[in-house]
Each structure stands twice: as C-alpha cells, then as structure tokens.
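Numbers restart at 1 for each chain; the letters A, B, ... are given by sequence-line order, proteins then strands.
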Amino acid sequence: MALMSSYERFYEVVRRVPRGRVTTYGTVAREAGLPGRARQVGYAMAALPDDHDVPWHRVINAKGEVSTRAGGHAFERIQRKLLEAEGVRFDERGRISLEDFSWP
DNA sequence: CTAGTGACTGTTT
DNA sequence: AAAACAGCCACTA
C-alpha cells in the first residue's frame with residue numbers, strides 16, 4: 001500500500017482511536033501527516049462508504065462538541081449515544097472534556 | 001477555467 | 001464566554 005488517498009489516510013488514523021476515547025478533526029489531519037486540513041477530515045467522514053470499519057463517532061471538533069451538520073440532527077444524536085455507550089461523559093452543555101477523553 | 005460550499009481551527013475582538 | 005475573521009483545500013456545478 002504505497003499510495004493512499006488523503007481520505008484513506010484519515011480513515012486509518014480514526015481506526016486507531018481506542019474505544020472510550022475521542023479525537024478532533026485537526027488531530028486526525030495532523031496524525032495523517034496533513035496538518036491544517038481539518039475541513040477535509042470532516043469531508044472525508046461525510047464520504048464514508050457503507051461498508052467501512054471506521055469509528056467516525058469518535059471524531060469531534062476542537063471545542064469538545066459533536067459537530068452539527070447540514071440536513072438534520074439525527075446523526076449527531078446517534079454519535080452522542082454511541083460515545084456514551086463507550087463511557088464518554090458529556091457535561092450539561094453537551095460537551096466532552098478533552099482533558100479526560102482526547103486521543104492520543 | 002471560476003465560484004460556492006463545508007462533520008474545521010487558531011487568533012482576535 | 002461567545003462571535004467574528006481569516007486560513008485551509010477537495011469537491012461540485
């Protein structure tokens with residue numbers, strides 16, 4: 001696997017995020033060797049194929065919140081539920097403590 | 001080719 | 001603490 005698209009690089013990084021931890025878009029870009037491309041990470045997540053094995057729900061924004069998306073809040077609700085099921089705790093404002101849960 | 005858009009972020013108001 | 005700004009760049013029309 002010599003050549004990988006930037007999307008595939010992002011997916012590989014997200015696959016390394018352990019259960020019960022979260023990481024940010026900017027961190028994924030940096031770990032993938034493409035610093036400053038946080039927006040592309042979000043774009044890559046939106047473009048995930050149906051048969052992926054990428055824990056996309058562990059990727060949140062730099063504020064520690066689940067990012068909102070165009071179209072509706074259904075996915076955000078699912079994302080939060082998945083994280084809570086892994087033991088990630090949200091505060092009363094719907095934010096995660098990056099101090100406690102961020103990866104690496 | 002240009003222009004608009006967006007699962008973002010760090011800095012400055 | 002929250003909002004505005006300026007970078008960022010692949011994708012689409």
Side-chain angles (χ1 to χ4, degrees):
Chain A
M1 56 172 258
L3 272 54
M4 280 178 92
S5 71
S6 56
Y7 281 19
E8 290 171 304
R9 289 188 185 206
F10 296 146
Y11 298 155
E12 284 300 314
V13 173
V14 177
R15 284 191 187 98
R16 300 210 296 272
V17 181
R19 198 169 180 285
R21 306 287 298 282
V22 297
T23 194
T24 68
Y25 297 95
T27 299
V28 172
R30 180 165 43 75
E31 292 290 314
L34 299 167
R37 304 196 191 181
R39 300 191 75 145
Q40 296 314 113
V41 175
Y43 207 102
M45 293 302 112
L48 272 170
D50 293 328
D51 60 340
H52 67 78
D53 60 339
V54 179
W56 57 273
H57 57 282
R58 297 183 189 139
V59 184
I60 61 177
N61 66 31
K63 295 192 284 246
E65 305 171 312
V66 169
S67 290
T68 57
R69 302 184 283 164
H73 295 122
F75 282 97
E76 302 162 33
R77 206 158 29 74
I78 293 167
Q79 183 170 6
R80 173 164 179 159
K81 190 172 182 237
L82 288 170
L83 289 174
E84 288 179 325
E86 296 184 350
V88 177
R89 300 196 294 107
F90 289 73
D91 66 18
E92 49 288 323
R93 279 205 222 144
R95 309 203 348 201
I96 297 166
S97 168
L98 292 175
E99 276 295 310
D100 297 330
F101 297 104
S102 70
W103 175 91

Asks: Can you sort out the partners of A:Arg21 under side chain to side chain donor-acceptor pair (under 3.5 Å), two or more places apart, ordered by chain and number?
Replies: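 A:Arg21: no side chain to side chain donor-acceptor pair (under 3.5 Å) contacts found.
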Asks: Once rounded to the nearest 0.5 Å, what's the spacing between atom CD1 of A:Ile60 and atom OG1 of A:Thr24?
Replies: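 It is 7.5 Å, given to the nearest 0.5 Å.
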Asks: Can you sort out which residues in residues 48-63 of chain A have a heavy atom within less than 4.0 Å of DNA chain B? Ascending by number, please.
Replies: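 The stretch gives A:Trp56, A:Asn61, A:Ala62 as the residues lying under 4.0 Å from the strand, ordered by number.
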Asks: Under 4.0 Å: is that the gap between some side-chain N or O of A:Thr24 and OP1 or OP2 of B:dC8?
Replies: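 For A:Thr24, the contact criterion (side-chain N or O under 4.0 Å from OP1 or OP2 of B:dC8) is not met.
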Asks: For A:Leu34 and B:dC8, what is the distance between atoms CG and C1' respectively, to the nearest whole Å?
Replies: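 In whole Å, B:dC8 C1' and A:Leu34 CG are 15 Å from each other.
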Asks: Determine the contact category for A:Ala47: base if any of its heavy atoms lies under 4.0 Å from a base atom, sugar-phosphate if only primed atoms, P, OP1 or OP2 are that close, otherwise nothing.
Replies: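 Result for A:Ala47 = nothing.
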Asks: Roughly how many Å apart are B:dT12 and C:dC8, using the P atom of each and rounding to a whole number?
Replies: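 Those two atoms are separated by 16 Å.
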Asks: Using a 4.0 Å cut-off on protein heavy atoms (strictly under), produce a 5'-to-3' string for nucleotides 1-13 of chain C with B for base contact, S for backbone-only sugar-phosphate contact, and - for none.
Replies: SS----BBBSS--
Asks: Using the test side chain to side chain contact (heavy atoms under 4.5 Å, CB included), find all partners of A:Leu82 that sit at least two apart in sequence or belong to another chain.
Replies: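 Counting only residues at least two positions away or on another chain, A:Leu82 forms a side chain to side chain contact (heavy atoms under 4.5 Å, CB included) with A:Trp56, A:His57, A:Ile78.
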Asks: Which residue pairs satisfy the side chain to side chain donor-acceptor pair (under 3.5 Å) criterion with at least one member in residues 70-82 of chain A, sequence neighbours excluded?
Replies: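 Counting only pairs at least two positions apart or across chains, the side chain to side chain donor-acceptor pair (under 3.5 Å) contacts touching residues 70-82 of chain A are A:Arg80-A:Glu84.
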Asks: Once side chain to side chain donor-acceptor pair (under 3.5 Å) is applied, what residue pairs with a partner in residues 31-42 of chain A remain, sequence neighbours excluded?
Replies: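 Those involving residues 31-42 of chain A do not exist here.
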Asks: Applying side chain to side chain donor-acceptor pair (under 3.5 Å), can you list everything that pairs with A:Ser102, at least two apart in sequence or on another chain?
Replies: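 A:Ser102: no side chain to side chain donor-acceptor pair (under 3.5 Å) contacts found.
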Asks: Salt bridge (charged side-chain N to carboxylate O under 4.0 Å, His left out) with A:Glu65: which residues, sequence neighbours excluded?
Replies: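 Per chain and number, A:Glu65 pairs via salt bridge (charged side-chain N to carboxylate O under 4.0 Å, His left out) with no residue.
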Asks: Please list all pairs passing the salt bridge (Lys or Arg N to Asp or Glu O under 4.0 Å) test where one or both residues lie in residues 91-104 of chain A, with sequence neighbours left out.
Replies: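 Qualifying pairs: none.
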